[in-house]
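Computed over heavy atoms, backbone and side chain alike; hydrogens, waters and symmetry mates excluded. In the text below, chain A, chain B and the rest are named by the order of the sequence lines, each starting its count at 1.
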Amino acid sequence: MISTTSEKETVASQAAEAVQEGTAGSLSDAADIYYLTKDNAEFSKTAGSMLSVTVGDQTHPVVYVHCSFPHTNKRMYLSVRTVENKEIGMIRSLEDFSEEIAQLLEEQLQIRYFTPEIKRVIAVKEEFGYSYWETETTAGLCRFTVRNGGGNAKLVTPNRLLVTDVDGNRFVIPDMNRLTDKEYRMVEICM
Amino acid sequence: MELMIIHSIDKFNVLEQQGWTEKDVLFQMTCDRTTDGQFLDTYLALTRHELLIATSLKEPDQEKTYKGYALPVRNATRPVLQEEGQWSVRTLKIEEIESVFIVNLVASGMLVMKAPEENIIAAFTNGLMSQATKLTAIFGKLKGQEEIDSELLEDVGANASCPKCGRIYPEEGREICPKCMKKSALFVRLLSFAKPYKAAVLLVIVLMLLNSATGLVIPYLTGAALFDQALKGEGYFAGQIGLVILLVIVFRTLSLLFGVWFGIINAKMAANIVFDLKSSIFSAMQRLSLNFFQRKQTGQLMTRVNNDSAELQMFFIDGLSYFIVNAMNIIGITVILLLLDWKLTLLCFLPLPIVILLVRKVFPKLWRLSWRRHRRVSAMNSIISDSIKGVRVVKAFGMEHKENERFQRANINFSGSEQHYDRLSGTIFPVLNVLTQMGGMLIWAFGGWMVMGGQISFGLVLTFVNYMYMLYGPVQFMNNIVGWWSHCMTASQRIFEIQDATPDVKEKEDAIRIPVLKGEIEVKHVVFGYEPNKAILKDVTLHVKAGQMLGVVGHSGAGKSTLVNLISRLYDVNEGAITIDGVNVKDLAAESLRSNIGIVSQDVYVFSGSIAENIAYANPDCSVMDIIHAAKIANAHDFIEKLPDGYDTLVGTGGYNLSGGEKQRLSIARAILHNPQILILDEATASLDTETELQIQEALDKLIKGRTTIAIAHRLSTLRNADYLVVMDQGKVVEEGTHESLMSTEGAYYKLVKKHDEALKMSEVIPA
């Protein structure tokens, strides 16, 4: 009797382990995401400055790179897609590729996610339901207009502020903590 | 393709140097960004045969002023005269290019051409999207050798500007010029709402003046008259204490009466004005197109209408009249004080500059802190409502502690900002109080000293102090008026914006009226998108003969409902045309169109009111018998009879809750009474269970008889009676024909039917 119980226990615990492994494995099996690595994918830049990728024996002449986490980590889990939004595969991390390829992919991110980062807020003036921003950004001095309210300036992480202008252009303050008191005061009114 | 470098001052010279004239150019635009995150111009020009691409070879621009920035640009680093720059110019024959299209990026776009490989032409910021869309549309027409609409070539919309000052509006599609909509102009316009109440306004002002005047006498009576004359036994009131007291009582009562009277009239007038304002906004809203309501920012605009009119009510009740009263008081009191003794007057004004300075300095900060507190309260509240609404999920995953942590964080944030605010307001208000009283103290001190010196009398000092205290209230009011004023003006601006908005879908002046249409619908090469470059319908062509039933099938997102919106002209097509009985819907009078088209859609709206009223919505003059017949045809009669209140049952907000199927039957009854020639069934049974669907289907079959019907469904069972079927996918018609012919071709429709059958078998196996 005793032996049966212990046997039963062993069987049970083995089953539990199996289930655990099963769930961990089956999640990725079920998701069935194809990961691109430096061994199975070959990226190159076309004559027309587009990105192309060859996976196995199939070449996709034009693909685009989407970030899964554009605000929190731009370098991991990138999705390589065609213009029809069909996923060719995912890249776990840019670190998995050679520096040259990583740079090529980053160029693509630069094209898709054009968002000047605000380095310095020169002035934010509010008038009639709009605020007019004058800022120094990574792309130079930018002046733009933001409609008040409606989440046009919102924190996407506790410290990262995304500002959307009247035409939908995006700007970002990467770290609110790095603003001076004066800058913070000007920006805060629009949040 | 030839590539050459051209030296030129600006892009237009590039054209000349190419031997092109401005006349040849059908369309031109300047893309403003590079693909590596900088700003640099790429100039594109399109003629009938060629595309010119001129890329500036200068260093990237270090400055960019986006569309809509209405402030004068200061400290511009760019020299006014541009130096000669180099342009890399390519000209391509249109035959060489297969296509030009836009790739949507995040908050920007990129023009790409296929020639024959895909090539990046240039990237541009979001504001240029509609221009780029135009470029691709014109290119497409040129390529296909089609005629180009003059509408397409016109440069409208992209740079809509204020007709008064020529400034570009900050926001596309929202015609507000911050410069011309000056607050003073708004104020005058706001005042115009008071025009019909001229007499009342006049009376109010007179009463206010009387109220002020009678109030102003009192300090003199209780001060100088009582102490210096009556008590001392000198002058006019010598020894007549009783008379002075009586006069004080009389004036106080008069002042009170005038005040009450003025308050009553004022409140009535203000309520009337706001009533007018609200009804004019509401009727202005009804006139606008669907698009206006669905634009994101206007959704907010709507919810604010109520708050805004409440704010304006304050303007008329508290603001305007009290502004006049207080201004009068300040002037009157100052004059009296100066007349009594100018030296003491100056003395009592001494702390005033400090008070004003302090208020100016500290109040903005206080306001900012209160805004921060408000924001954090909202953040906290949203967490509370999150975890209450989502309590099932929280409990199911055992995440109570996590919710606690989340709340704790928000709570700490809030409490910090609350303390900040309280600390500052706790300091500033007592200080202000002390300062205000300081004026009184000064007068007591100096006045007392002067009384002892025999220069002035005690009564005068008392009068003085009383007047002075009367002064501070109005001064404080004036101090707050700045913030209050701009608040009010922003509110009125939003309201006037709705009033001034022009509907996108306009009825032509010489619109054609056809009381009863036959119902032949033709859709020709229609292209439409709610946003530029996001075409939902791409070159859709359909034909429905009068009295026929057309079934439109397709996955969700295929553009089926959009098609309906266009046929009933809730939106205007971008390209192509829709005709009914051979008349373009744009030329048809809205009234003719609406009375001939009925829509039964999946989301049924039930208005507050009785069931009978709801059925009779489209035709309020119909008889009770008609209502019952319509309900009977719609299979609604039986459930209505079962209700305790029958056709009088109140439904809608706060009323009896109808089930989805019951609502749908009401809407069918509504459509039956409306009796349109053209009937559109937009997924009418999509949200219902199979049992109910059968009942509704039966009702629909009765409704469809003798009408042109367009039925949209992803459940194919709804379409079994259709004379003709159209399969849509991603905005295009991919197949059309009768059920039999489509089944025999074994294409997209065939697959849909097979899938549908499988799904049906599934539901038979698994009992619901």
Side-chain angles (χ1 to χ4, degrees), chain A residues 46-50 52 61-62 64 66-67 70 83-84 106-117 122-123 125-130 132-134 136-152 155 158 162 164-171 185-186 188-189 191, chain B residues 33 35-39 60-71 73-77 101 103 105-108 110 112-115 117-120 123 125-129 169-172 174 176 178 181 183 296-297 299-300 304 365 367-368 371-372 375 486 489-490 493-494 497:
Chain A
T46 67
S49 314
M50 315 286 271
S52 92
V62 179
Y64 297 89
H66 295 222
C67 282
V83 76
E84 287 90 22
E106 277 197 308
E107 268 174 39
Q108 288 298 313
L109 295 182
Q110 187 70 261
I111 292 176
R112 184 173 159 79
Y113 297 90
F114 174 70
T115 310
E117 288 190 0
I122 300 167
K125 193 169 178 268
E126 211 199 321
E127 194 182 78
F128 251 128
Y130 295 99
Y132 299 95
W133 294 55
E134 191 169 8
E136 248 175 53
T137 72
T138 44
L141 186 71
C142 285
R143 300 186 192 86
F144 52 91
T145 309
V146 179
R147 190 174 201 286
N148 287 357
N152 286 320
L155 287 169
L162 180 69
T164 312
D165 90 341
V166 286
D167 276 325
N169 295 306
R170 290 172 156 215
F171 303 86
R185 280 204 300 270
M186 291 191 288
E188 192 184 21
I189 293 300
M191 281 159 67
Chain B
R33 57 164 283 224
T35 48
D36 55 357
Q38 303 286 343
F39 296 113
D61 290 335
Q62 279 312 303
E63 222 183 300
K64 165 87 183 165
T65 303
Y66 281 84
K67 227 171 68 195
Y69 192 80
L71 296 187
V73 172
R74 288 167 294 120
N75 54 17
T77 50
F101 58 94
V103 175
L105 306 172
V106 174
S108 66
M110 184 164 75
V112 174
M113 64 176 171
K114 213 168 172 187
E117 250 195 3
E118 287 188 21
N119 255 284
I120 295 180
T125 57
N126 235 2
L128 293 166
M129 187 59 90
Y169 293 124
E171 203 169 346
E172 218 174 303
R174 190 170 181 247
I176 294 286
M181 225 185 187
K183 297 181 184 180
K296 195 179 146 210
Q297 68 264 38
Q300 240 185 352
R304 299 201 74 153
K365 195 170 179 193
W367 187 78
R368 221 169 31 240
W371 174 239
R372 189 183 295 173
R375 242 181 33 228
S486 74
M489 289 306 123
T490 315
Q493 179 243 332
R494 279 193 292 258
E497 184 181 339

CD of A:Q110 to OG1 of B:T35: how many Å apart, nearest 0.5 Å?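 It is 8.5 Å, given to the nearest 0.5 Å.
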Can you tell me how far the CG atom of A:D167 sits from the CE atom of B:M129, to the nearest 0.5 Å? 10.5 Å
If I compare all heavy atoms of [X] with all of [Y], which pair ends up nearest, and what's the gap?
{"X": "A:M50", "Y": "B:I120", "answer": "SD-CG1, 3.1 Å"}
{"X": "B:L105", "Y": "A:R112", "answer": "CB-O, 3.7 Å"}
{"X": "A:A47", "Y": "B:E117", "answer": "CB-OE1, 3.9 Å"}
{"X": "B:G37", "Y": "A:A139", "answer": "O-CB, 3.5 Å"}

Under the side-chain contact (heavy atoms from CB on, under 4.5 Å) rule, what do A:I189 and B:W371 come out as? Steps first, then yes or no, please. CA-CA 8 Å; A:I189 293 300; B:W371 174 239; 4.3 Å; yes
For B:Y66, does the six-membered ring have the charged nitrogen or CZ of A:R143 within the cation-pi criterion, i.e. under 6.0 angstrom from the centroid and within 45° of the normal? no
Segment of B:E118 engaging chain A (4.5 angstrom heavy-atom cut-off): both
Heavy-atom distance under 4.5 Å to chain A: side chain of B:T125, backbone, both or neither?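 For B:T125, backbone and side chain are both near chain A.
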Identify which of A:V62, A:I111, A:T46 forms the greatest number of heavy-atom pairs closer than 4.5 Å to chain B.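 Sorted descending by pairs with chain B, the first entry is A:I111.
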Report which part of A:D165 has an atom under 4.5 Å of a heavy atom belonging to chain B: side chain, backbone, both, or neither. side chain
The single option from A:V166, A:N169, A:T164 passing side-chain contact (heavy atoms from CB on, under 4.5 Å) against B:N126: A:N169
Kindly determine whether B:Q62 and A:L141 satisfy side-chain contact (heavy atoms from CB on, under 4.5 Å), including the steps that lead there. CA-CA 6 Å; B:Q62 279 312 303; A:L141 186 71; over 6 Å; no
Evaluate the side-chain proximity of A:R185 to B:K365: yes if any heavy-atom separation is below 4.5 Å, no if none is.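 Side-chain contact under 4.5 Å: no.
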Please report the C-alpha distance between B:Q38 and A:F114 in whole Å, then the side-chain angles of each, then the deciding distance to 0.1 Å, and finally whether the side-chain contact (heavy atoms from CB on, under 4.5 Å) criterion is met. CA-CA 9 Å; B:Q38 303 286 343; A:F114 174 70; over 6 Å; no
